[in-house]
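Take a look at the structure below.
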Amino acid sequence: MSQAATQPTLCTLHIWPNRWNLPSIDPSCIAAIFYLQLAIPGKFEVVECTNPDVSPSGKLPFLTHGHATVTSVPAIISFVSSLAKSTSSGARDLDASLSLPQRAKRTAWCSHVEANIGDLVAYSFYSLDDNFWKLTNPTMASMLPIPQRYYVPGRIREMHRPRLEAACLWTQAASEPEKDSFGKRQKKDDPKDEYARAFERDKVSAQAKASFALYAKLLNGQKFFFGERPTTLDVYLASYILLLLDPPFPDQLMRSILEESYPKLVEHARNVQTEVSQIPRQYLVAPAQKQSLLSLIPRPLSNPPKSKESRMDEADLRFRRMRWMWFALAFGGVACYVAQLWIRITVVRANGRPRHVQRRGADQEHKGEVTDEEGEDEDVDDEGLAGNE
């Protein structure tokens with residue numbers, strides 16, 4: 001048996017691209033990378049992707065290993081943990097030392113991080129107008145090909161809007177400003193809007209401090225939550241905190257709250273980042289997938305998901321239907337135009353020669369009538385001359 005046949009297959013993790021010295025612009029992708037690097041260091045590769053439609057669930061990240069495809073971070077963690085049970089895989093379970101009560105506590109807090117701190121991350125990226133138009137939108141547009149760069153950032157923002165509205169984190173001014181005839185955004189200074197934004201800012205600050213205080217109390221001055229080594233909960237929290245600290249937001253509300261009021265959470269996130277970066281065997285970064293015109297055409301999923309987590313929401317389903325309708329109308333219009341043009345050419349070719357012959361016969365008849373009239377005029381003239389004589 002050859003060495004290539006005995007070599008284990010690398011896991012491939014598909015994520016959103018990296019920015020701001022972070023492995024990705026998405027907290028779930030960062031959490032997946034951190035966990036894999038701590039559990040199976042150097043035994044996986046990363047593929048940066050900007051098309052979530054390649055995922056079976058329509059979301060990034062997702063993991064492929066041989067013929068297996070795993071979506072969502074909890075499923076990826078469960079899959080890698082199952083690999084740790086095999087001695088030949090070399091994988092490590094980050095939560096192996098936890099007791100059953102601690103595992104239940106970890107699961108609950110991970111869900112809390114994803115829901116509450118995830119809302120604060122979405123607020124910083126998509127709700128604040130300055131952050132979206134000056135950082136989020138240009139950053140995502142630089143990653144996406146034409147024409148996706150012109151509508152995908154706004155589409156993602158609208159997908160986050162219901163969640164932020166439910167959490168009371170969607171600002172009243174979170175909409176595209178009006179533009180003048182030159183395409184420049186016009187700013188409207190209204191004292192009422194200033195007061196409303198100040199009130200919303202205080203409310204968001206209080207909500208953020210309440211969430212951060214829970215984790216600062218849970219950490220209790222320790223390096224990590226459950227001892228001296230990072231666990232899944234440490235990876236989850238650090239992934240979200242780093243996206244509130246490192247991106248150069250024009251509005252640094254969350255960063256100022258963390259650095260001024262909760263420095264222990266900042267230190268905890270840096271500790272997790274250091275643990276990951278100090279591992280000698282780093283993961284491989286595969287070449288980015290090239291976008292083609294075929295990526296503009298929607299394609300049905302080969303294995304449609306049945307779980308609630310992987311179902312498409314109503315907005316995404318409506319967008320896909322509208323995109324199918326647009327392509328159908330475009331191709332139908334082109335087909336009708338070509339058919340009409342072909343019919344006209346056929347009719348002209350069929351009727352061109354008979355019309356020419358008919359036109360020639362009419363000209364000859366017209367010439368004959370003119371000759372007859374000239375002959376009659378000459379006869380009349382001759383009779384007139386004879387009478388005169």
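With a 4.5 Å cut-off on side-chain heavy atoms, Ile146 and Arg149 count as touching. Looking only at side-chain heavy atoms (C-beta outward), Gln37 and Pro23 stay at 4.5 Å or farther from each other. Within the 4.5 Å cutoff, the side chain of Phe62 has no heavy atoms near those of the Ser57 side chain. Using a 4.5 Å cut-off on side-chain heavy atoms (C-beta onward), Tyr215 and Ile117 make contact. With a 4.5 Å cut-off on side-chain heavy atoms, Leu13 and Ile76 count as touching. Here the side chains of Asp234 and Phe34 are not in contact, with every heavy-atom distance at 4.5 Å or above. Side-chain contact between Val204 and Met254 is present, with heavy atoms from C-beta onward closer than 4.5 Å. In this structure the side chain of Leu36 never reaches within 4.5 angstrom of the side chain of Cys11, judged on heavy atoms.
Of all non-hydrogen atoms in Glu228 and Lys223, the two that sit nearest each other are OE1-CD, 4.0 Å. Here the closest non-hydrogen pair linking Ala31 and Val235 is O-CG1, 3.4 Å. In terms of heavy atoms, Leu94 sits closest to Thr231 at O-CG2, 3.8 Å. Looking at every heavy atom in both residues, Gly227 comes nearest to Gln222 through N-OE1, 4.5 Å. In plain terms, the two heavy atoms of Gly118 and Arg163 that are nearest each other are C-NH2, 3.4 Å. For the residue pair Ser24 and Ile15, the shortest heavy atom distance occurs at CB-CD1, 4.2 Å.
Separating the OG1 atom in Thr171 from the CD atom in Glu165 is a distance of 10.0 Å, to the nearest 0.5 Å. Here the straight-line distance linking atom SG of Cys29 with atom NZ of Lys59 works out to 12.0 Å at 0.5 Å rounding. With values rounded to the nearest 0.5 angstrom, Ile33 atom CD1 is found 6.5 Å from Phe44 atom CZ. Rounding to the nearest 0.5 Å gives a distance of 12.5 Å between CZ of Phe225 and CG of Leu98. The CG atom of Leu135 lies 11.0 Å from the CG atom of Leu128; values are rounded to the nearest 0.5 Å. Rounding to the nearest 0.5 Å gives a distance of 8.0 Å between CG of Leu214 and CG of Asn116.
Under a cutoff of 6.0 Å and an axis angle of 45°, Arg157 and Phe132 form a cation-pi pair.
Heavy atoms of other residues, nucleotides or ligands lying less than 6.0 angstrom from CZ of Arg229 number 12 at most. Heavy-atom contacts from other residues, nucleotides or ligands closer than 6.0 Å to CG of Asn21 number 12 or fewer. More than 12 heavy atoms of other residues, nucleotides or ligands lie within 6.0 Å of CD1 in Ile345, so this atom counts as buried by the packing criterion.
The existence of a salt bridge linking Glu267 and Lys264 is confirmed by a sub-4.0 Å separation between a basic side-chain nitrogen and an acidic carboxylate oxygen.
The aromatic rings of Tyr126 and His160 sit parallel to each other, their planes meeting at less than 30°, with 60° as the upper class boundary.
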_Test side chain to side chain contact (heavy atoms under 4.5 Å, CB included) applied to Leu83 and Lys43, step by step_ = CA-CA 12 Å; Leu83 294 179; Lys43 296 182 180 180; over 6 Å; no
*Could you walk me through whether Leu60 and Asp26 pass side chain to side chain contact (heavy atoms under 4.5 Å, CB included), step by step?*
CA-CA 9 Å; Leu60 297 174; Asp26 181 76; over 6 Å; no
_side chain to side chain contact (heavy atoms under 4.5 Å, CB included) for Gln340 and Tyr337? Distances and angles first, verdict last._
CA-CA 5 Å; Gln340 291 179 359; Tyr337 176 77; 5.5 Å; no
*Begin from the C-alpha positions of Ile241 and Tyr262 and carry the test side chain to side chain contact (heavy atoms under 4.5 Å, CB included) through to its verdict.*
CA-CA 11 Å; Ile241 296 296; Tyr262 304 98; over 6 Å; no
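A donor-acceptor contact shorter than 3.5 Å is absent between the side chain of Glu158 and the backbone of Arg155. For Glu114 (side chain) and Ser111 (main-chain N/O), no donor-acceptor pair under 3.5 Å exists by modelled atom type. For Arg103 (side chain) and Asp95 (main-chain N/O), a donor-acceptor pair under 3.5 Å exists by modelled atom type. Between the Ser256 side chain and the Leu253 main chain, a donor and an acceptor come within less than 3.5 Å of each other. In terms of modelled atom types and a separation under 3.5 Å, the side chain of Ser127 and the main chain of Leu169 share a donor-acceptor contact.
Residue pairs meeting the side-chain hydrogen bond (donor to acceptor under 3.5 Å, both in side chains) criterion with at least one partner in residues 239-251, sequence neighbours excluded, are Arg201-Asp251, Asp246-Arg270.
Residues Leu164 and Phe199 fall into different hydrophobic clusters, defined by Ile, Leu, Val, Met, Phe, Trp and Tyr side chains chained together at heavy-atom separations under 4.5 Å. When the side chains of ILVMFWY residues are joined at heavy-atom separations under 4.5 Å, either directly or via intervening members, Trp326 and Phe331 end up in a single hydrophobic cluster.
Between the side chains of Ser124 and Asn131, not a single donor N or O lies within less than 3.5 Å of an accepting N or O.
Ring to ring, Tyr236 and Trp109 are not that close: their centroids are 6.0 angstrom or more apart.
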